Amino acid sequence: MSEYIARVLDGLTARNQHEKEYLQAATEMLESLAPVFEKHPEYEKASLLERFVEPERVILFRVPWVDDQGKVQVNRGYRVQYNSAIGPYKGGLRLHPSVNLSILKFLGLEQTLKNSLTGLPIGGGKGGSDFDPKGKSDQEVMAFCQSFMTELYRHIGQDTDVPAGDIGVGAREIGYLYGQYKRITGLYEGVLTGKGLTYGGSLGRKQATGYGLCYFVKNMLERNGKTVDNSTVAISGSGNVAIYAHEKITQMGGKVVAMSDSNGYVYDPRGIDLDVVKQLKEVERARIREYTNRVPGSEYHEGCKNIWQVKCDIALPCATQNELDGEDARALVANGCFVVGEGANMPCTLEAVDYFLRKGVLFAPAKAANAGGVATSALEMSQNSQRFSWSFEEVDEKLQGIMKGIFEKCADAAEAFADKPTNYVMGANIAGFMKVAEAMMAQGCV
Ligand code: NDP
Ligand code: 2IT
């Protein structure tokens with residue numbers, strides 16, 4: 001690490017001591033960037049890193065809403081407008097009780113580099129609330145979404161900031177948020193992505209993150225003379241990303257034997273039946289343990305982390321940050337796992353990533369591997385601007401091309417700058433950062 005990078009990291013740590021997730025994401029990025037700053041000494045003079053690690057703007061607001069008992073509830077709402085050097089802020093909204101500024105800043109930083117890697121003109125942002133949609137009625141979720149948008153609408157717009165879904169925000173929530181935005185502003189514009197197909201959504205957006213992850217993994221395997229065919233796969237989570245990762249990896253010849261939610265995991269040696277999971281999660285909003293009541297011969301195990309004890313060739317963590325630690329990484333490698341593709345944002349701890357890289361596991365980092373979702377969001381924005389819509393096949397073909405392009409950028413940067421040509425972590429950080437850095441330099445001290 002260069003003296004400049006170490007100084008920036010020290011300053012960041014001193015100023016943000018309680019933001020552990022943010023410091024983790026920033027540390028991983030900064031540790032990769034030494035070769036960039038050796039090549040560009042002018043970046044230090046322009047305090048480029050000091051600027052980059054400070055979000056452009058953080059909006060924090062009260063979200064009051066009335067529950068089904070008539071009681072007023074109060075949540076905290078956020079939007080982190082992280083970086084707009086290469087386009088309007090773009091990134092999801094997360095509704096989960098754990099949401100805080102540290103988590104949203106880490107997600108904003110990752111989003112900025114991820115969006116840069118897509119090659120599309122989108123800056124980075126992230127937002128959400130500590131509201132928990134789990135166990136709430138549709139009426140309560142709508143009341144919350146309407147109140148949340150009643151403040152958020154002032155800060156977003158199709159050319160300024162375009163939110164989308166993330167944990168706890170799917171089609172239902174996007175619909176309520178969009179309805180309220182339209183009602184307040186009178187504008188029928190592409191201000192949110194992940195919209196329903198009847199009001200401006202794009203075919204293929206629902207599938208895009210999970211499918212994109214599998215396209216990245218396929219490119220990575222092919223480059224290294226391997227294939228998905230006949231592999232055994234474990235996927236954590238059973239939400240949007242996990243479900244469509246299952247669908248695509250199965251089409252590619254993999255067999256998914258385990259999936260989870262925050263309570264535990266199911267194991268099905270004959271292959272997890274995706275129709276059952278879709279029915280449970282997309283329709284009934286039920287717990288994953290219910291799977292064993294529908295599919296004889298399957299097993300439920302309490303504790304979501306234990307999924308990494310399952311023997312597999314390919315592990316796809318698709319639930320949440322820091323769900324896979326050093327101990328889990330050692331268990332996976334001991335069981336023969338040779339590919340890890342991050343569908344969630346920062347699911348692996350720094351120790352786990354380091355272990356995978358040292359052991360020669362092919363490791364696909366989140367900001368590259370899960371970029372298919374936001375890339376397809378950008379395609380939705382294009383379709384909205386054109387007042388036009390593309391077929392599923394057109395969108396999917398574009399997505400495949402984008403994921404190939406992202407893989408190649410990571411591989412080229414790794415080849416040029418990293419210790420090993422397969423260090424896609426360094427590759428993704430460097431390739432993602434370079435474009436943002438050049439744009440920031442060109443735009444002066446802003
Ligand atoms: P969903 O809300 O659809 O699903 C989240 C899944 O993860 C659920 O199965 C949930 O279980 C589980 N989960 C959430 N929190 C925890 C936790 N603390 N511990 C264990 N499991 C947990 O979200 P998505 O599928 O959209 O998002 C999953 C991940 O992918 C997130 O990291 C998100 O940031 C990332 N991502 C999403 C994109 C998208 O397009 N949706 C794009 C790129 C990345 P439970 O129901 O029990 O809470
Ligand atoms: O983490 C992510 O990339 C997302 N949640 C998707 C963001 C988007 O704007 O589609």
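This one's a predicted model, so the numbers in the text were calculated from it and none came from an experiment. Only heavy atoms go into these numbers, but all of them, side chains included; no hydrogens, no water, no symmetry mates. Just so you know, ligand 1 is whichever comes first in the structure, and atom 1 is the first atom listed for that ligand.
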Donor-acceptor contact below 3.5 Å, side chain T209 vs main chain N370: no

W65 and F148 aromatic centres sub-6.0 Å: no

Within the 4.0 Å heavy-atom sphere of ligand 2, strictly under, residues: K90, G91, G92, Q111, K114, K126, A164, G165, D166, R205, N345, G373, V374, S377

Ion pair check, K367 and E110, cut-off under 4.0 Å: yes

Salt-bridge criterion met for D325 and K305 (N-O under 4.0 Å): yes

Proximity of H96 to ligand 1 by residue part, where a heavy atom lies under 4.0 Å: side chain

Distance from atom 3 (O) of ligand 1 to nearest protein heavy atom, with residue and atom: N240 N, 2.9 Å

For G237, the ligand 1 atoms whose distance to one of its heavy atoms is below 4.0 Å: 9 (O)

Expected output: side-chain K255 to main-chain T232 donor-acceptor under 3.5 Å: no

Close N or O approach (N370, ligand 1; < 3.5 Å): no

Residue of the set V256, I272, V233, V228 for which side-chain contact (heavy atoms from CB on, under 4.5 Å) holds with T250: V256

C318 near ligand 1 by a heavy-atom separation under 4.0 Å: yes

Qualifying residue, where the test is side-chain hydrogen bond (donor to acceptor under 3.5 Å, both in side chains) with S102 and the options are E19, Q24, E21: E21

Option with minimal heavy-atom separation from atom 36 (N) of ligand 1, where the choices are I167, I288, N345: N345

Close N or O approach (S238, ligand 1; < 3.5 Å): yes

Donor-acceptor under 3.5 Å (E56 side chain, S84 main chain): yes

Test side-chain contact (heavy atoms from CB on, under 4.5 Å) applied to V169 and R94, step by step: CA-CA 6 Å; V169 176; R94 178 176 292 191; 6.0 Å; no

Nitrogen or oxygen of N263 less than 3.5 angstrom from that of ligand 1: no

Residue part near ligand 1, for R287, under 4.0 Å between non-hydrogen atoms: side chain

Salt bridge flag under 4.0 Å for residues D261 and K281: yes

Under-4.0 Å protein heavy-atom contact, atom 16 (C) of ligand 1: yes

Backbone or side-chain N or O of G168 under 3.5 Å from ligand 1 N or O: yes

M346 heavy atom under 4.0 Å from ligand 1: no

Nearest option to atom 38 (C) of ligand 1, as decided by whichever heavy atom of T193, T209, L213 sits closest: T209

For atom 48 (O) of ligand 1, the protein heavy atom that lies nearest, with its residue and separation: K134 NZ, 2.8 Å

Sidechain N-carboxylate O distance under 4.0 Å for E189, K182: no

Parallel, tilted or perpendicular, as decided by the 30° and 60° cut-offs, for the rings of F52 and Y82: perpendicular

Heavy atoms from other residues, nucleotides or ligands near CZ of R183 exceed 12 (cutoff 6.0 Å): no

Identity of the nearest option to atom 28 (C) of ligand 1, non-hydrogen atoms only, from P347, G239, S236, A319: A319

Identity and distance of the protein heavy atom lying nearest atom 33 (C) of ligand 1: D166 OD1, 3.2 Å

Polar atom proximity, R205 to ligand 1 (N or O, under 3.5 Å): yes

Atom 10 (C) of ligand 1 [closest protein heavy-atom partner, distance rounded to 0.1 Å]: S262 N, 4.5 Å

Atom NZ of K136 with >12 non-hydrogen neighbours under 6.0 angstrom: yes

Close N or O approach (K114, ligand 1; < 3.5 Å): no

Distance, nearest 0.5 Å, that separates CD of E327 from OH of Y355: 12.0 Å

G194 versus E380, closest heavy-atom pair with distance: N-OE1, 2.9 Å

For R94, atoms of ligand 1 separated by under 4.0 Å from a heavy atom: 31 (C), 32 (O), 33 (C), 34 (O)

Nearest-contact summary for atom 24 (P) of ligand 1 - protein heavy atom, Å: V241 CG2, 3.9 Å

F106-Y22 aromatic ring centre distance below 6.0 Å: no

For atom 18 (N) of ligand 1, closest protein heavy-atom neighbour: T320 CG2, 3.6 Å

